[in-house]
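Right, one structure below, let's go through it.
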Amino acid sequence: PVLLSSDARLAEPPRRIGSDRSHLLLRARRGERVLKALAFGMGGRADELVPGAPLHLVYSPRWNVFRGETTLELVLHDFAVGARPTLGGA
């Protein structure tokens, strides 16, 4: 599934990852919940992410198993920062 979450915030500064730094790793907070989000191929958009600003995420959730621990993470398809975007061209 592809989902939308609005009005999240960065829990910490984003990190550019990968050998060519072309991907982003961020931790998004919504209420008390913090989830890891991966944005493949979006490393060049790191400067768009502003601490404290509303963050709107389009993502697919997936389970990640690493060293025997299973966690939920988000694979970002897109994001917007600031005012909530209008959907459906309305």
Side-chain angles (χ1 to χ4, degrees):
V2 177
L3 306 171
L4 168 68
S5 289
S6 293
D7 298 321
R9 300 290 191 275
L10 289 174
E12 60 188 47
R15 290 186 4 219
R16 292 180 70 172
I17 60 171
S19 60
D20 59 357
R21 298 175 39 92
S22 65
H23 312 300
L24 284 176
L25 170 66
L26 48 116
R27 297 198 186 277
R29 174 184 303 279
R30 189 133 191 264
E32 297 298 314
R33 186 81 162 160
V34 176
L35 292 173
K36 179 170 87 171
L38 297 165
F40 295 105
M42 294 187 213
R45 295 182 63 191
D47 291 340
E48 295 176 37
L49 296 163
V50 179
L55 181 59
H56 315 287
L57 307 171
V58 178
Y59 62 93
S60 293
R62 76 174 182 190
W63 293 109
N64 181 43
V65 179
F66 183 71
R67 295 186 180 166
E69 183 178 341
T70 302
T71 57
L72 180 64
E73 65 184 21
L74 311 178
V75 177
L76 296 184
H77 300 287
D78 201 0
F79 64 85
V81 178
R84 186 178 297 192
T86 302
L87 300 176

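We use all heavy atoms of the structure for the numbers below, so side chains are in, but hydrogens, waters and symmetry mates are not. Keep in mind it's a predicted model, so treat the numbers as computed, not measured.
- The salt bridge (charged side-chain N to carboxylate O under 4.0 Å, His left out) test applied to Arg33 returns no partner, not counting sequence neighbours.
- When all heavy atoms of Pro85 and Ala80 are compared, the closest pair comes out as CG-CB, 4.3 Å.
- His56 meets the ring pair (Phe, Tyr, Trp, His ring centres under 6.0 Å) test with no other residue; sequence neighbours excluded.
- When the side chains of ILVMFWY residues are joined at heavy-atom separations under 4.5 Å, either directly or via intervening members, Val50 and Met42 end up in a single hydrophobic cluster.
- Under the 4.5 Å side-chain criterion, counting only non-hydrogen atoms from C-beta, Leu49 is in contact with Leu55.
- Thr70 has its side chain out of reach of Asn64: every pair of non-hydrogen atoms, C-beta onward, lies at least 4.5 Å apart.
- Applying the ring pair (Phe, Tyr, Trp, His ring centres under 6.0 Å) test to pairs two or more places apart or on separate chains, none has a residue in residues 59-82.
- Side-chain N or O atoms of Arg30 include one that pairs as donor or acceptor with a backbone N or O of Ser6 at under 3.5 Å.
- Using a 4.5 Å heavy-atom threshold, the side chains of Leu3 and Pro61 count as touching.
- Residues Leu57 and Leu76 are in side-chain contact: their nearest non-hydrogen atoms beyond the backbone lie under 4.5 Å apart.
- For residues 35-47, the pairs satisfying side chain to side chain donor-acceptor pair (under 3.5 Å) are Lys36-Glu73, Arg45-Glu48, Arg45-Asp78, with sequence neighbours left out.
- Summarising the geometry of Ala11 relative to Val34, their closest heavy-atom pair is CB-CG1, 3.8 Å, with the distance given to 0.1 Å.
- Other members of the hydrophobic cluster containing Ile17, listed by chain and number, are Leu25, Leu38, Phe40, Val75; membership follows side-chain contacts under 4.5 Å among ILVMFWY residues, whether direct or relayed.
- Taking hydrophobic clusters as Ile, Leu, Val, Met, Phe, Trp and Tyr residues chained together by side-chain heavy-atom distances below 4.5 Å, Leu4 does not share a cluster with Leu72.
- Identified under the salt bridge (Lys or Arg N to Asp or Glu O under 4.0 Å) test for residues 7-17, with sequence neighbours left out: Asp7-Arg84, Glu12-Arg27.
- Annotation: side chain of Leu10 is in contact with side chain of Leu26 (closest heavy-atom distance under 4.5 Å).
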